[in-house]
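This report concerns only the one structure given below.
In this chain, residues are counted from 1 in sequence order. What you are looking at is a predicted structure, and each value in this text was computed from that prediction instead of being measured.
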Amino acid sequence: MDYGHVVVTFTTDSKQLACTMATEVSGIESTCCAHIEGPIRRVHRWHGHKHASEQWRVEIEATHDGADALVEHITSHHGHEVHDLVVTDPTRHLVDETADTR
(Lines give C-alpha, C1' and ligand atoms only; values in the text may rest on other atoms or scores of the structure.)
Protein backbone atom coordinates (compact mmCIF):
# COMPACT_ATOMS: atom_id res chain seq x y z
CA MET A 1 0.00 0.00 0.00
CA ASP A 2 1.40 3.42 -0.96
CA TYR A 3 0.79 6.20 1.55
CA GLY A 4 2.40 8.87 -0.61
CA HIS A 5 5.28 9.75 1.74
CA VAL A 6 8.86 8.61 2.24
CA VAL A 7 11.48 9.27 4.89
CA VAL A 8 14.92 10.38 3.70
CA THR A 9 17.51 9.76 6.40
CA PHE A 10 21.19 10.62 6.63
CA THR A 11 23.83 11.10 9.31
CA THR A 12 26.56 13.71 9.62
CA ASP A 13 29.30 14.42 12.10
CA SER A 14 28.35 18.11 12.16
CA LYS A 15 25.52 19.35 14.37
CA GLN A 16 25.61 22.65 12.47
CA LEU A 17 25.17 20.87 9.12
CA ALA A 18 22.27 18.83 10.51
CA CYS A 19 20.52 22.05 11.57
CA THR A 20 21.36 23.78 8.27
CA MET A 21 20.01 20.87 6.22
CA ALA A 22 16.79 20.70 8.25
CA THR A 23 16.27 24.42 7.66
CA GLU A 24 17.11 24.19 3.94
CA VAL A 25 14.76 21.32 3.20
CA SER A 26 11.89 22.68 5.28
CA GLY A 27 11.43 25.29 2.54
CA ILE A 28 11.06 22.71 -0.22
CA GLU A 29 7.43 22.22 -1.28
CA SER A 30 7.60 18.40 -1.24
CA THR A 31 9.04 18.27 2.30
CA CYS A 32 6.68 17.83 5.25
CA CYS A 33 9.13 18.10 8.15
CA ALA A 34 12.63 17.31 9.35
CA HIS A 35 13.76 15.78 12.64
CA ILE A 36 17.26 15.92 14.12
CA GLU A 37 18.42 13.24 16.55
CA GLY A 38 21.69 13.33 18.36
CA PRO A 39 24.21 13.04 19.25
CA ILE A 40 24.23 9.36 18.43
CA ARG A 41 27.23 7.03 18.41
CA ARG A 42 28.34 5.62 15.05
CA VAL A 43 30.61 2.57 15.11
CA HIS A 44 31.95 1.34 11.78
CA ARG A 45 34.85 -0.31 10.01
CA TRP A 46 36.85 1.70 7.47
CA HIS A 47 39.98 0.47 5.66
CA GLY A 48 40.22 -2.50 8.02
CA HIS A 49 40.04 -0.46 11.23
CA LYS A 50 37.23 0.11 13.68
CA HIS A 51 36.12 3.70 14.20
CA ALA A 52 33.60 5.40 16.46
CA SER A 53 32.31 8.94 16.19
CA GLU A 54 29.57 11.24 17.37
CA GLN A 55 26.92 11.82 14.69
CA TRP A 56 23.57 13.51 14.18
CA ARG A 57 20.76 11.79 12.28
CA VAL A 58 18.40 13.85 10.14
CA GLU A 59 15.08 12.33 9.10
CA ILE A 60 13.11 14.22 6.49
CA GLU A 61 9.55 13.30 5.66
CA ALA A 62 8.72 14.12 2.04
CA THR A 63 6.19 13.32 -0.63
CA HIS A 64 6.94 10.24 -2.68
CA ASP A 65 7.13 12.35 -5.85
CA GLY A 66 9.59 14.78 -4.28
CA ALA A 67 12.06 12.21 -2.92
CA ASP A 68 14.37 12.22 -5.94
CA ALA A 69 14.68 16.02 -5.92
CA LEU A 70 15.35 15.96 -2.17
CA VAL A 71 18.09 13.33 -2.52
CA GLU A 72 19.58 15.32 -5.43
CA HIS A 73 19.62 18.46 -3.28
CA ILE A 74 21.35 16.66 -0.41
CA THR A 75 23.98 14.98 -2.59
CA SER A 76 24.72 18.00 -4.78
CA HIS A 77 25.03 20.48 -1.90
CA HIS A 78 26.38 18.31 0.93
CA GLY A 79 27.23 14.89 -0.53
CA HIS A 80 30.74 14.71 0.92
CA GLU A 81 29.45 15.66 4.38
CA VAL A 82 26.61 13.16 4.80
CA HIS A 83 26.75 9.43 5.56
CA ASP A 84 24.28 6.60 5.19
CA LEU A 85 21.74 8.35 2.93
CA VAL A 86 18.64 6.12 2.90
CA VAL A 87 15.13 6.51 1.46
CA THR A 88 12.48 4.50 3.30
CA ASP A 89 9.09 3.88 1.70
CA PRO A 90 6.23 3.91 2.69
CA THR A 91 5.31 6.05 5.67
CA ARG A 92 1.80 6.04 7.04
CA HIS A 93 0.28 9.03 8.73
CA LEU A 94 -1.71 7.96 11.75
CA VAL A 95 -3.26 11.39 12.24
CA ASP A 96 -5.75 12.82 9.80
CA GLU A 97 -4.15 16.13 8.74
CA THR A 98 -7.53 17.50 7.67
CA ALA A 99 -9.14 16.97 11.07
CA ASP A 100 -9.98 20.03 13.16
CA THR A 101 -7.97 19.71 16.39
CA ARG A 102 -9.52 22.69 18.21
Side-chain angles (χ1 to χ4, degrees):
M1 184 178 293
D2 182 10
Y3 295 103
H5 289 85
V6 299
V7 176
V8 177
T9 305
F10 67 88
T11 58
T12 179
D13 60 359
S14 168
K15 181 180 180 180
Q16 181 177 354
L17 178 64
C19 293
T20 297
M21 289 294 298
T23 301
E24 282 180 12
V25 302
S26 67
I28 298 173
E29 181 70 26
S30 61
T31 302
C32 303
C33 60
H35 302 273
I36 302 170
E37 299 175 346
I40 60 173
R41 193 84 177 141
R42 180 177 192 232
V43 179
H44 62 283
R45 180 177 293 279
W46 182 254
H47 295 288
H49 300 281
K50 291 181 184 177
H51 299 271
S53 61
E54 197 170 75
Q55 301 270 307
W56 281 261
R57 178 181 295 124
V58 180
E59 294 182 347
I60 306 160
E61 187 177 335
T63 62
H64 191 273
D65 293 340
D68 288 340
L70 179 57
V71 169
E72 173 62 28
H73 175 83
I74 293 168
T75 56
S76 66
H77 290 85
H78 305 284
H80 62 287
E81 300 170 287
V82 301
H83 313 284
D84 308 322
L85 181 60
V86 177
V87 178
T88 306
D89 179 36
T91 301
R92 180 177 179 195
H93 279 241
L94 299 178
V95 177
D96 180 2
E97 292 178 352
T98 61
D100 186 0
T101 57
R102 289 182 275 169

Next on the checklist: I need the R57 CZ to R42 CZ distance, nearest 0.5 Å.
Outcome noted: 10.5 Å
Next on the checklist: If I compare all heavy atoms of R41 with all of E54, which pair ends up nearest, and what's the gap?
Outcome noted: NH1-N, 3.8 Å
Next on the checklist: Contact between K50 and V43 at the side-chain level, heavy atoms closer than 4.5 Å - yes or no?
Outcome noted: no
Item to check | Point-to-point distance, once rounded to the nearest 0.5 Å, from OG of S14 to CD of Q55 | outcome: 10.0 Å
Next on the checklist: Show the nearest heavy-atom pair for residues V8 and L70, with the distance to one decimal.
Outcome noted: CG2-CD2, 3.7 Å
Item to check | For A18 against I36, the heavy-atom pair lying closest together | outcome: O-CD1, 3.6 Å
Item to check | CG on D65 to NE2 on H5, rounded to 0.5 Å | outcome: 10.0 Å
Next on the checklist: Nearest 0.5 angstrom please: E24 CD to L17 CG, how far?
Outcome noted: 8.0 Å
Checklist entry - In terms of heavy-atom contacts, does CG of D84 have more than 12 from other residues, nucleotides or ligands at under 6.0 Å? => result yes
Checklist entry - Side-chain contact, heavy-atom cut-off 4.5 Å: I60 with I74? => result yes
Checklist outcome for this item: Residue set satisfying salt bridge (charged side-chain N to carboxylate O under 4.0 Å, His left out) with E59, at least two apart, ordered chain then number -> none
Checklist entry - What distance separates I40 CD1 from W56 CH2, expressed to the nearest 0.5 Å? => result 9.5 Å
Next on the checklist: On a heavy-atom basis, which atom in H49 and which in H51 lie closest, and how many Å separate them?
Outcome noted: O-CD2, 3.1 Å
